[in-house]
Amino acid sequence: MADADGLRQAAERKGLSFGTAVNITSFRTDPLYRRAVQRECGIVVPENEMKWEYVEPKPGQVTHLGGDEIRDAARADGQRLRGTTLVWHRGMPDWVLAKITRASGERLMRDWIGRIAGRYRGQIESWDTVNEIVDLTGGRSDGLRVTPWLAALGPGYVDLAFHTLREVDPKAAGLWNEDDVCLGADWMEARRTAVLRLLETFLARGVPIRRFGLQSHLNSLVPLDETALRRFLARLAGLGLAVEITELDIDDRAFPADVAARDRAVADLARRYLDVVLDEPAVLNVLTWDIVDMNTWLNESDRRRPDGLPQRSLPLDGAYRRKPLWSAIRDAFAGAPDHGAARARARARAA
Ligand code: 9MR
């Protein structure tokens, strides 16, 4: 069960939920992993097991095993559950990509959302309904990423995704999850501007977007701009949206090889980030993208550190010991203003 001094408790004292993406292999094979997730987390999301490529790798070859296992454990441990991802250009089996046409796109999307969101109806707090839909290098003036969904259905594919979720599971908050909007680079500021403009357009035409997710893949190469971040969060809140930190981790490639120095730098960056984020009452949940260093996606090929050392991006080390990043997250929760009442109201509002 949860420890009195775990991150779950520290977050809950401020009306927040802390949690993680769950790696299904560790979850199944390593009791210490399961214990760490129980100890630290008030909310979980399957890293991959609710994505189309995992649920239906071949036509008709359907499995919900992983998603169900994580759902059952969350229920047993009294944790909230998130879902990822309904509509994305990745995480998709090739056979589906080949079938998204003008004629069949709408039916395909409705059918998929009906099946996956229907299976977990009433059990998911928020669904990543569209994911990573902005790409300013794609040549469109609205900044929408050119994907098979966009090519087949036009920008209305976003409307369709949120409306369909609402029909299938009215209790789940529809969330737009987006990458590369949290740091200080000019190109990220341009993405924030595009996101806000698109949100205004979607909301004006009644698309039921209830939350915005900042993935929050922080990066030692890109500076933080606290003022720009604070302004962005306030603009999202001003549009009536709740906000989640959905995939927090730190790419430590530019930090020193020395473990103690690196852990300190990672922790400091996260603390500065969270100090801004947690000031905003609209922020409800903070999830890291896994909880233990050895599982980070940042050790995958193109994200690896140039010196070959494994990244130290997450709160626990390979022996499940709490790292300086863990303490930074705990201290950020402890030092955050108490917006518990506002957060309780935001959660109580219908999705
Ligand atoms: O970490 C996930 C990796 O195991 C999967 O292969 C990949 C494709 O489904 O997705 C990764 O998670 C991504 C997340 O869903 C969206 N934001 C970026 C994450 C890292 O690529």
Side-chain angles (χ1 to χ4, degrees), residues 19-30 33 37 41 43-58 63-67 69-70 81-97 112-113 116-117 120 124 126-135 145 147-149 158 161 174-183 188 191 195 211-219 221-222 243-253 285-305 310-316:
T20 185
V22 173
N23 175 292
I24 192 70
T25 307
S26 296
F27 178 83
R28 283 177 176 154
T29 58
D30 185 352
Y33 183 84
V37 172
C41 297
I43 186 165
V44 292
V45 62
E47 181 178 0
N48 289 314
E49 287 60 39
M50 293 180 184
K51 294 173 181 169
W52 205 337
E53 65 178 334
Y54 289 82
V55 170
E56 198 175 12
K58 304 236 163 60
T63 176
H64 292 289
L65 229 49
E69 282 173 62
I70 291 168
L81 184 65
R82 305 195 67 254
T84 195
T85 296
L86 298 180
V87 176
W88 193 20
H89 58 287
R90 295 175 55 213
M92 301 268 291
D94 289 341
W95 70 268
V96 176
L97 287 172
W112 160 246
I113 295 178
I116 189 75
Y120 299 108
I124 301 270
S126 56
W127 261 112
D128 293 344
T129 307
V130 296
N131 197 24
E132 301 172 358
I133 64 170
V134 163
D135 173 13
R145 181 189 298 273
T147 70
W149 294 114
V158 175
L175 180 144
W176 169 0
N177 196 39
E178 195 54 66
D179 197 8
D180 290 335
V181 288
C182 63
L183 297 175
M188 289 210 203
R191 288 174 56 81
V195 162
R211 299 190 182 186
F212 187 85
L214 283 82
Q215 291 189 4
S216 308
H217 296 293
L218 305 186
N219 195 319
L221 289 168
V222 190
V243 174
E244 301 196 39
I245 303 303
T246 51
E247 305 184 14
L248 178 66
D249 55 20
I250 297 92
D251 182 334
D252 71 16
R253 65 185 49 238
N285 299 329
V286 175
L287 289 91
T288 49
W289 203 239
D290 213 301
I291 195 155
V292 54
D293 279 341
M294 64 204 171
N295 283 347
T296 183
W297 68 290
L298 293 165
N299 287 328
E300 285 166 19
S301 50
D302 58 330
R303 298 288 179 146
R304 232 174 258 157
R305 279 176 65 93
Q311 296 249 10
R312 298 181 60 84
S313 316
L314 292 166
L316 305 177

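As the structure lists them, so they are numbered: ligands from 1, and atoms in each ligand from 1. In what follows, every heavy atom counts, from backbone to side chain, and hydrogens, waters and symmetry copies are set aside. Predicted model, so just to flag it, every value in this text is computed and none were measured.
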Among Asp290, Thr25, Asn23, exactly one meets side-chain hydrogen bond (donor to acceptor under 3.5 Å, both in side chains) together with Tyr33. Which residue is that? Asp290
Heavy-atom nearest neighbour in the protein, as seen from atom 19 (C) of ligand 1, with distance rounded to 0.1 Å: Glu247 OE1, 3.6 Å
By side chain to side chain contact (heavy atoms under 4.5 Å, CB included) - contacts of Asn219 (at least two apart): Leu183, Leu221, Val222, Asp251
Glu53 neighbourhood, listing ligand 1 atoms whose heavy-atom distance to it stays under 4.0 Å: 8 (C), 9 (O)
Return a yes/no value for Asn48: is any of its N or O atoms, backbone included, closer than 3.5 angstrom to an N or O of ligand 1? yes
Nearest-neighbour protein heavy atom for atom 6 (O) of ligand 1, which is reported as residue plus atom name and distance: Tyr54 OH, 4.0 Å
For atom 15 (O) of ligand 1, find the nearest protein heavy atom and state the residue, atom name and distance (0.1 Å precision). Lys51 NZ, 2.8 Å
Anything under 30° is parallel, anything over 60° is perpendicular, the rest tilted; go ahead and classify Trp52 against Trp149. parallel
Polar contact flag, side-chain donor to acceptor under 3.5 angstrom, Asn131-Gln215: yes
Which of the numbered atoms in ligand 1 are under 4.0 angstrom from any heavy atom belonging to Glu132? 16 (C), 17 (N), 18 (C)
Heteroatom proximity flag, Thr85 to ligand 1, N/O under 3.5 Å: no
What atoms of ligand 1 come closer than 4.0 angstrom to any heavy atom of Arg90? 7 (C), 8 (C), 21 (O)
For ligand 1, find out whether one of its N or O atoms is nearer than 3.5 Å to an N or O atom of Glu47. yes
Would Asp128 and Thr84 count as having a side-chain donor-acceptor pair, cut-off 3.5 Å? yes
Taking distance alone, with no angle check, do Thr84 and ligand 1 share an N/O pair under 3.5 Å? no
Taking only non-hydrogen atoms of Asn131 and a 4.0 Å limit, the atoms of ligand 1 in range are 16 (C)
Could you tell me whether the side chain of Trp112 and the main chain of Leu86 form a donor-acceptor pair under 3.5 Å? yes
Does Arg145 have any side chain to side chain contact (heavy atoms under 4.5 Å, CB included) partners at least two apart in sequence or in another chain, and if so, which? His89, Glu132, Asp135, Thr147
Would Ser26 and Asn295 count as having a side-chain donor-acceptor pair, cut-off 3.5 Å? yes
